[in-house]
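Below: one structure, written as structure tokens.
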Amino acid sequence: MNRKTKKNIIIITLLLLVCAAAVVYYLYNKKHFSVENSEAATAVTATALHQTFTSDSVLAKNKFVGDEVNHKVIEVNGEVAEIKKDQQGITIILLKTATDDAFINCTMEGKAGNINTGNKIAIKGICTGYNFDADMGIPGDVIVTRCFIVKRNQ
């Protein structure tokens, strides 16, 4: 190799290292998305949210479900049907809908506090979709994750 070729290889290698360092710096300092502190949330009742998914799932996904980069935060208002814990001990609040045995399934990231069955509450979270089994005729639940309680009405 001649001297000019070695010099070009060194320059290209240094440029690649600088670019890689810039990307690492950007990703390391990127702010974590916070559902709790998110200002923009689409308000909807539990009944309307479930009805939207059962009547037109494409419209519902476009309106309520985001992706990894563009999170769509929703605020669901409804009545607590049940409170339970999953296998990891995380609290799950089920909100009533107009359909029997179909709920808005809210996996809590924040503390649930002293919520009881029958309470009217507002929960903010990220909707991930609709879970149902058409073959067995089981009505589905709308899944909302990373939830925080916004408002409590007794």
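Just the heavy atoms: all of them, side chains too, but no hydrogens, waters or symmetry mates, feed the values below.
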Can you list the steps and then say if Val73 with Thr42 is a side chain to side chain contact (heavy atoms under 4.5 Å, CB included)? CA-CA 6 Å; Val73 178; Thr42 303; over 6 Å; no
Dump the intermediate steps for side chain to side chain contact (heavy atoms under 4.5 Å, CB included) on Asn77 and Val44, then the final yes or no. CA-CA 6 Å; Asn77 296 290; Val44 64; over 6 Å; no
Could you check whether any side-chain heavy atom of [X] comes within less than 4.5 Å of a side-chain heavy atom of [Y], counting everything from C-beta outward?
X	Y	result
Val76	Thr45	no
Asn116	Asn114	no
Asp56	Val58	yes
Val144	Thr128	no
Ile121	Ile115	yes
Phe64	Thr52	yes
Thr13	Ile9	yes
Glu75	Val150	yes

Minimum-distance pair of heavy atoms, taken over all atoms of Ala46 and Leu95: CB-CB, 4.1 Å
Heavy-atom closest contact (Thr47 atom, Ala98 atom, distance): CG2-CB, 3.6 Å
Taking the six-membered ring for Trp, are His50 and Phe103 ring centroids under 6.0 Å apart? no
Rounded to the nearest 0.5 Å, what separation is found between the [atom1] atom of [X] and the [atom2] atom of [Y]?
X	Y	atom1	atom2	value
Ile143	Ile92	CD1	CD1	8.5 Å
Asn8	Arg3	CG	CZ	13.0 Å
Lys124	Cys147	NZ	SG	11.5 Å
Leu49	Thr54	CG	OG1	9.5 Å
Met108	Ile93	CE	CD1	4.5 Å

Among Val142, Thr145, Val80, Ile123, which residue satisfies the side-chain contact (heavy atoms from CB on, under 4.5 Å) criterion with Cys106? Ile123
Counting N and O atoms only, with roles assigned by atom type, does the side chain of Lys61 sit under 3.5 Å from a partner on the main chain of Phe53, one being a donor and the other an acceptor? no
Cluster overlap Ile83 with Ile149, hydrophobic side-chain contacts below 4.5 Å: yes
Should Val23 and Tyr26 be regarded as members of a common hydrophobic cluster, given that ILVMFWY residues are connected when their side-chain heavy atoms come within less than 4.5 Å of each other, either directly or indirectly? yes
Can you pull out every salt bridge (Lys or Arg N to Asp or Glu O under 4.0 Å) where at least one residue sits in residues 82-103? Sequence neighbours excluded, please. Glu79-Lys96
How would you list all residue pairs meeting salt bridge (Lys or Arg N to Asp or Glu O under 4.0 Å) that involve residues 104-113, not counting sequence neighbours? Glu109-Arg146
Going by distance alone, is a donor N or O of one side chain under 3.5 Å from an acceptor N or O of the other, for Thr5 and Asn2? yes
